[in-house]
Amino acid sequence: MLLVTDIRENKEKYIKALAKRGIDASATLDEILNVDEERRSSQGKLDEVLSQSNSYSKEIGKLFQSGETQKANELKEKTVELKESSKQLNDQMMNAAEKLQQLLYTLPNIPNDLVPAGTDENDNEEIFSEGEVPKLAEGALPHWELAKKYDLIDFELGVKITGAGFPVFKGKGARLQRALISYFLDKNTAAGYTEVQVPLLVNEASGYGTGQLPDKEGQMYHVGVDDLYLIPTAEVPITNMFRGDLLNNSDLPITCTGFTPCFRREAGSYGAHVRGLNRLHQFDKVELVRIEHPDNSYKALDGMVEHVKGILRELKLPYRILRLCGGDLGFTSALTYDFEVFSTAQDRWLEISSVSNFETFQANRLKLRFKDTDGKNKLVHTLNGSSLALPRVLAGILENYQTEDGIKIPEVLVPYCGFDFIK
RNA sequence: GGAGAAAUGGCAGAGUGGUCGAAUGCGGCAGUCUUGAAAACUGUUGAGGGUCACACCUCCGGGGGUUCGAAUCCCUCUUUCUCCGCCA
């Protein structure tokens with residue numbers, strides 16, 4: 001959520017920055033400023049009335065104590081009117097505050113200066129690539145064929161149990177997936193991240209805290225009877241562990257990693273690009289979350305990028321890094337780097353990680369602050385990144401490591417798998 | 001699921017209608033002392049809104065109510081603890 005206090009002073013900055021996302025926010029910002037003004041002025045009037053009535057109350061108290069009952073009762077009469085007007089003013093103030101909140105919820109984060117202008121994924125900027133795309137033999141198969149051939153994943157079985165997009169992993173397929181989870185968590189904890197296991201269902205407040213609500217209401221599975229949401233990413237429960245906290249400077253940075261399944265309704269996305277493991281309703285992911293001092297957040301973002309690079313390098317998968325353009329940037333993000341693995345058999349790139357700095361956007365919603373060395377309470381910066389999204393890494397491994405006889409296992413995973421070849 | 005008890009500042013813990021944003025202890029910060037540290041002593045120390053700065057306003061789990069006045073009384077929700085039941 002954007003900061004009203006800052007919008008008051010730098011409206012032009014916000015108009016310009018949001019234009020990068022293709023949003024003309026000037027009307028909304030004007031409305032925000034109007035409502036903000038309205039809120040503050042009615043609050044001011046309310047405060048005056050309350051102040052007056054407080055002092056009457058004190059006086060009445062004293063009069064009763066000194067036995068001047070009649071005087072006290074006379075004074076009581078004077079409070080009647082004040083009470084009425086304080087009710088009205090309070091309603092006014094609450095209305096304005098509520099309206100302001102709703103308006104602020106509609107605006108996405110402002111992009112960092114590095115974010116290129118653009119409307120969709122075609123305008124993203126490739127900033128790095130590494131790894132050789134293997135030359136596959138004639139007749140190389142896409143991962144869903146391989147999964148079937150070697151009996152690693154059963155998509156139909158998932159349809160029977162639940163529906164499309166909920167595959168069943170079997171045998172070495174399941175083991176390889178578990179190996180990846182352990183490997184990622186080991187890499188992350190070795191880099192200093194604290195491993196956490198968190199709830200997979202979150203309440204509404206958590207959804208608002210990290211910005212999934214109200215923006216992406218329809219993307220999450222909602223459990224109606226208990227009013228809980230299945231998490232679309234571990235970012236939600238992990239970041240919300242710190243909701244409302246006032247941290248000490250010395251607590252920063254806080255770094256966590258966690259493995260969770262992720263659930264996404266993916267309403268309205270069908271077709272060739274969702275085949276196999278490309279897009280699922282339930283998938284596994286290991287996530288990184290960082291709570292940082294604002295002065296350090298971009299350095300931390302670079303550090304996360306390097307960390308994920310290291311993992312892909314060890315897996316020897318061909319990948320590239322994109323800096324997302326304004327039009328493709330997530331609602332809450334100020335700067336995002338997407339990692340994509342090349343899927344040789346599909347001849348296309350698959351997004352397997354997204355590393356973002358949200359600056360104060362989430363912190364403002366979460367009311368997550370820290371006491372800086374100057375004694376002032378400030379909003380932290382929150383960041384997160386995947387390391388990594390499992391099924392697509394699996395897809396990349398199956399396709400890029402396939403041979404005529406079977407599938408080789410990347411060297412770093414062999415100790416985790418207990419086998420080095422699938423045939 | 002049933003029966004009871006409770007929820008107060010970073011933590012512990014007083015406070016049952018007015019002078020309580022809240023005793024006390026611990027912790028934190030600053031200082032005195034010390035070669036330095038510890039101990040001891042002194043002072044200071046919640047958050048948000050508002051203001052140029054004050055003033056002022058709000059907040060004692062959430063919401064609502066009674067009252068001139070609520071941490072304190074009433075209703076309701078949530079959570080925690082104890083006992084019983086059930087159970088991976």
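In what follows, chains carry the letters A, B, and so on, assigned in the order in which the sequence lines appear, proteins first and then strands, with residues in each chain numbered from 1.
- Here, B:G36 and B:C52 have their C1' atoms 45 Å apart, quoted to the whole Å.
- Taking atom P on both B:G1 and B:C59, the two are 34 Å apart, rounded to the nearest angstrom.
- For A:Lys87, the NZ atom counts as loosely surrounded, since its 6.0 Å shell holds 12 or fewer non-hydrogen atoms of other residues, nucleotides or ligands.
- If you run side chain to side chain donor-acceptor pair (under 3.5 Å) between A:Thr382 and each of A:Glu235, A:Gln362, A:Arg365, only A:Gln362 comes through.
- Consecutive Watson-Crick or G-U pairing (both distances under 3.5 Å) extending over three or more pairs maps onto RNA chain B as B:1-7 with B:78-84, B:10-12 with B:24-26, B:27-32 with B:40-45, B:46-49 with B:56-59, B:61-65 with B:73-77.
- Atom CG in A:Asp245 sits about 14 Å away from atom C1' in B:C11, given to the nearest Å.
- Using a 4.0 Å heavy-atom distance criterion, A:Asn377 is classed as a sugar-phosphate-only contact.
- Remark: the backbone N or O of A:Glu292 is not paired with any side-chain donor or acceptor of A:Ser297 at under 3.5 angstrom.
- Residue A:Lys367 contributes atom NZ, which lies 10 Å from atom P of B:G48 at whole-angstrom precision.
- In this structure, the CG atom of A:Leu228 is 12 Å from the P atom of B:U78, given to the nearest Å.
- Taking the ring centre of A:Tyr150 as origin, the terminal cationic atom of A:Lys423 falls outside the region bounded by 6.0 Å and 45° from the ring axis.
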* Asked: So A:Val341 and A:Trp349, side chain to side chain contact (heavy atoms under 4.5 Å, CB included) or not? Walk me through it.
  -> CA-CA 6 Å; A:Val341 157; A:Trp349 294 94; 5.8 Å; no
* Should A:Phe263 and A:His281 be marked as a ring-ring contact (aromatic ring centres under 6.0 Å, His included) after you check the CA-CA gap, both sets of side-chain angles, and the distance that decides it? -> CA-CA 5 Å; A:Phe263 304 89; A:His281 288 307; over 10 Å; no
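- Of the P atoms belonging to B:U58 and B:G2, the separation is 39 Å, rounded to the nearest Å.
- A:Lys371 comes within contact range of the sugar-phosphate backbone alone, with a heavy-atom separation under 4.0 Å but no base atom that close.
- For B:C26 and B:A14, the C1' atoms lie 15 Å apart once the distance is rounded to whole Å.
- Nucleotides B:U35 and B:C11 place their P atoms 39 Å apart, quoted to the nearest Å.
- Here B:U19 presents its C1' atom at 14 Å from CD of A:Glu59, a figure rounded to the nearest Å.
- When the P atom is used for both B:A37 and B:G21, the distance is 40 Å, rounded to whole Å.
- Rounded to a whole Å, the CG atom of A:Asp372 is 16 Å from the C1' atom of B:G28.
- Atom CG in A:Asn249 sits about 12 Å away from atom P in B:C29, given to the nearest Å.
- The same atom, P, is picked in B:G25 and in B:U19; the two are 23 Å apart, to the nearest Å.
- For A:Arg369 and B:G48, the shortest distance from a side-chain N or O to OP1 or OP2 is below 4.0 Å.
- With sequence neighbours excluded, the residues that form a side-chain contact (heavy atoms from CB on, under 4.5 Å) with A:Lys78 are A:Tyr56, A:Leu75.
- For A:Tyr298 and A:His381, the ring centers sit 6.0 Å or farther from each other.
- Aromatic ring centroids of A:Tyr208 and A:Tyr105 lie under 6.0 Å apart.
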* Determine, for nucleotides 49-71 of chain B in 5'-to-3' order, which nucleotides have protein heavy atoms under 4.0 Å from the base (write B), from only the sugar-phosphate (write S), or from neither (write -). => BSS----SSS---------BS--
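- Across the protein-nucleic acid pair, A:Lys62 atom NZ and B:U19 atom P stand 10 Å apart, rounded to whole Å.
- B:A71 and B:C20: their P atoms are spaced 12 Å apart (whole Å).
- Panel note: side chain A:Ser356, backbone A:Phe358; no donor-acceptor pair is recorded below 3.5 Å.
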